[in-house]
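Below, chain A is the first sequence line, B the second, and so on; all start at residue 1.
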Amino acid sequence: MVTTINKISEYVGQEVKIGAWLYNKRSSGKIQFLQLRDGTGFIQGVLVKKQVSPEVWEQAQNLTQESSLYVTGTVRQDDRAPSGYELDVTDVEPIQVAEEYPIALKEHGVEFLMDHRHLWIRSPRQRAILKIRAEIIRAIQDWLNNESFTLVDPPVLTPSSCEGTTNLFHTKYFDEDAFLTQSGQLYMEAAAMALGRVYSFGPTFRAEKSKTRRHLIEFWMIEPEMAFCAHEESLNIQENLLSHVVQHVLKHCEAELKQIGRDTKPLENVTAPFPRITYDEAVELLNKEGMEFKWGEDFGAPHETKIAESFDKPVFITHYPVEVKAFYMKPDPERPEVALCADLIAPEGYGEIIGGSQRIDDPELLKQRFDEHRLPKEAYEWYMDLRRYGTVPHSGFGLGLERTVAWICGLDHVRETIPFPRMLNRLYP
RNA sequence: UCCUCCGUAGCUCAAUGGUAGAGCGGCCGGCUGUUAACCGGUAGGUUGUAGGUUCGAGUCCUACCGGAGGAGCCA
C-alpha cells in the first residue's frame, strides 16, 4: 500500500511503501535507523541486518543525507518514537543518492541559511512555520468568506502611488511608467462599491531600504474593505477576525507550534474584544512611563513596544493626528484634527500588524486633501468618481501577513515567515 | 541614508604581533535501540579584497566589498 507519513497510523501491522527523503541516519554494526521525511511528517525506519537481504542493507548504508528513496516496511506502534510509530524496513529503493548536503544538522549562520533557503525550508522548523503560515491564510479566508466578504484581486502593476508616501518599484509599461503596487486599497474601495464587503490577498512591494526584523521588500497583505461601515464596526471586524485566526492556529497547529517551541500561553489570551486606547491616551501612557513624546508625532518601534507591554492582548491605538496619517482617512467629525483610524499593535514587541481607517466619503473634502498633499488629481479621477456616484460611509484595513505569522510563531525575524523572502540585498534564491 | 558589530576549512567557531587549530559534515573502520548517537583514523586553508605599519600581521591602521543588529519609513 502506497501512503504518506501523516496517514501512517491507519496502517499499523501492515506493509506500506512511502516516497521519502533521508533526513538523518544513525547506525551501528547490525542496526540502522533512517530518519525519513516526506513533507507530510517524519518517521524513523529501522533496519536489522539479520532481517533484510544484504543488498537492502548495503543500499541503506550508502544513503546520504537528503537522498531520495522509496522505502517499504511494516508499521509498528512504538512508545520510543516521537510520533508514536516506526517503520520496520523490508526494502529500500534509492531514487538518488544525494551529493554532500550543505546544511548539516547543527547551527548555521543567517547568511548561509538564507543563501540556501531553497534547502533550508526542508528542515522541520521551517516546514512547521510554513505550515502555520498556510493555516493562518486559511483561517483568514474562512472567516471572511463566512462573513459575506468577496475575494477581489487588485492589480499588481499600477500607474501611480496609492498613498504617495513610500518609495515604489519602478518599471516600464511599454511606453508608460508603471509601479509595483504598495497597497490594493484604493482599488478595494472601488470593489466595495460594487460588491459590498470585499477583501484582497496578494503581494505588495516597498522599495524602502528598511533593514529590521519587521520588514520585507515584498510582503503579503489582506485588505478588507466594507461599504456602509463606520470606524467602530471596522474595529469589531478586525478583532473578531484576528482572534478567530489565533484560536484556529492553536487548535489546528499544535504539533507545529510545539516543534518551533512557541509558548502558547500568551496566545490563548487573544480573544475579542481587544483593548482600545486613543492616540491621546497612548501619548499620556508613554510620558508616564518616562518616554518623552510630543503630541503630533508618529510612534516609532520602541514606542509601540512600550505601549504593547501594558496589555496582554493586541491593542488598538485610535484617533491619530490627521497629519501623520494617509490622505484618504476620514477626520473625526467631533474633532477634525484626528482621524477615524486605528493601528493594531501586537503583543511581545511585534509591532503594528493592522492599519485601518474609515475613508473620506465627502467629495469636497477629498479634493481638498489632494491639494494639501499635492497629489496629481488627474491620476485619481477614477477614485474621485467613487465619491461622485453614490458615495457611502466605508472603512477598511490592511493586515500584514508576515508580521502576523512572526507574532503567532514567536519568531525573531519576518524572514522565516515567507518561503523566499525578498529583503534589502537579498533577491537570491 | 545613518549608528553599532562581524568576515579564519563545506559549516559553527578558536588562535598575547611570533609554526593557522577544534567540533560538525565528507571519506575509511568499529559498535543490535540510536534521538544533532557514539568511538578510532584520515583528507581539507591565498584568514573577504587592496594597500600600509612592522624583523614578522589572522591579529594593528586606511579604503573598499559582503553580512548582522538597530534607526527612519511602514504592514
Side-chain angles (χ1 to χ4, degrees), chain A residues 23-35 42-51 57 61-62 64-66 76 78-83 86 88 98-116 119-120 123-125 162-168 182-185 202-223 297-305 324-326 343-346 349-356 397-407 412-415 417-418 423-426:
Chain A
Y23 168 61
N24 194 13
K25 184 175 67 176
R26 301 183 195 91
S27 67
S28 67
K30 298 192 174 62
I31 188 165
Q32 293 187 62
F33 301 99
L34 309 180
Q35 314 299 324
F42 294 80
I43 194 167
Q44 174 164 274
V46 184
L47 280 93
V48 178
K49 192 170 188 179
K50 277 196 289 198
Q51 292 165 15
W57 178 261
Q61 237 176 356
N62 290 336
T64 55
Q65 188 185 0
E66 288 302 317
R76 174 171 43 76
D78 195 315
D79 293 338
R80 290 170 294 192
S83 68
E86 285 190 344
D88 285 325
E99 293 177 29
E100 188 183 337
Y101 193 63
I103 302 180
L105 295 169
K106 62 189 295 281
E107 280 183 36
H108 293 280
V110 172
E111 187 185 4
F112 177 80
L113 288 171
M114 290 306 304
D115 282 341
H116 296 84
L119 302 176
W120 188 23
S123 74
R125 179 182 167 81
C162 274
E163 306 193 11
T165 51
T166 50
N167 295 317
L168 306 181
Q182 63 157 340
S183 164
Q185 189 209 305
T204 52
F205 309 87
R206 306 274 165 96
E208 293 285 346
K209 302 221 165 178
S210 300
K211 197 171 155 46
T212 82
R213 64 183 68 194
R214 296 181 306 280
H215 287 89
L216 294 170
I217 301 301
E218 176 184 306
F219 66 99
W220 289 64
M221 273 210 291
I222 291 89
E223 294 185 279
E297 293 171 354
D298 202 356
F299 300 122
H303 304 118
E304 286 181 351
T305 302
V324 302
K325 287 295 179 182
D343 286 354
L344 184 67
I345 312 298
Y350 284 94
E352 182 186 347
I353 54 173
I354 292 180
F397 59 95
L399 168 66
L401 179 63
E402 284 75 18
R403 285 191 188 172
T404 303
V405 176
W407 163 52
D412 57 15
H413 202 298
V414 289
R415 64 183 161 225
T417 65
I418 186 165
M423 300 185 294
L424 202 58
N425 307 324
R426 169 69 58 191

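OP1 or OP2 of G69(B) sits under 4.0 Å from a side-chain N or O of His413(A). In terms of phosphate contacts, Lys106(A) brings no side-chain nitrogen or oxygen within less than 4.0 Å of OP1 or OP2 of U12(B). For Asn425(A) and G67(B), the shortest distance from a side-chain N or O to OP1 or OP2 is below 4.0 Å.
Ion pair Arg426(A)/Asp115(A) flagged as a salt bridge, since at least one NZ, NE, NH1 or NH2 atom sits closer than 4.0 Å to an Asp/Glu carboxylate oxygen.
Atom CD of Glu66(A) and atom P of G26(B) are 12 Å apart (whole Å). Atom CZ in Arg214(A) sits roughly 11 Å away from atom P in C73(B) (whole-Å rounding). For the pair Asp115(A) CG and C11(B) P, the computed distance is 10 Å after rounding to whole Å. Atom CZ of Arg403(A) is separated from atom P of C74(B) by 11 Å (rounded to the nearest Å). Protein atom CD of Gln185(A) is 10 Å distant from nucleotide atom P of A75(B), rounded to whole Å. Note: CE (Met423(A)) to P (A68(B)) measures 6 Å, nearest angstrom.
The backbone N or O of His413(A) sits nowhere less than 3.5 Å from a side-chain atom of Arg214(A) that would complete a donor-acceptor pair. Judged by distance alone, with hydrogens and angles left aside, the side-chain atoms of Arg403(A) form a donor-acceptor pair with the main-chain N or O of Glu352(A) at under 3.5 Å.
The nucleotide U46(B) finds no pairing partner, because no Watson-Crick or G-U wobble arrangement with both distances shorter than 3.5 Å includes it.
Side-chain atoms of Lys49(A) stay outside donor-acceptor range of the base of U32(B), with no qualifying N/O pair under 3.5 Å. His215(A) contributes a side-chain N or O that forms a donor-acceptor pair with the base of C74(B) under 3.5 Å. In the interface, the side chain of Gln32(A) is not paired with the base of U34(B) through any donor and acceptor atom under 3.5 Å apart. No donor-acceptor contact under 3.5 Å links the side chain of Ser210(A) to the base of C74(B). Scanning atom types as modelled, one donor and one acceptor separated by under 3.5 angstrom connect the side chain of Glu86(A) and the base of G33(B). For C31(B), the base has no donor-acceptor partner in the side chain of Arg26(A) [N/O atoms by modelled type, under 3.5 angstrom].
Nearest nucleotide to the side chain of Arg415(A), out of U32(B), G69(B), G33(B): G69(B). Across U34(B), C31(B), A75(B), the shortest atom-to-atom separation from the side chain of Gln35(A) is found for U34(B). Among the nucleotides C24(B), C74(B), U32(B), the one closest to any side-chain atom of Ser28(A) is U32(B).
The aromatic ring of Phe219(A) sits over the base of A75(B), with ring centres less than 5.5 Å apart and planes inclined by under 30°.
Considering only heavy atoms from C-beta on, Ile103(A) comes within 4.5 Å of Phe112(A) through its side chain.
Comparing Glu100(A) and Val48(A) along RNA chain B, the residue whose closest nucleotide (by nearest heavy atom) sits nearer the 5' end is Glu100(A).
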Item to complete: I would like to know whether Glu223(A) and Ser183(A) meet side-chain hydrogen bond (donor to acceptor under 3.5 Å, both in side chains); could you show each step before the answer?
Response: CA-CA 8 Å; Glu223(A) 294 185 279; Ser183(A) 164; 2.8 Å; yes
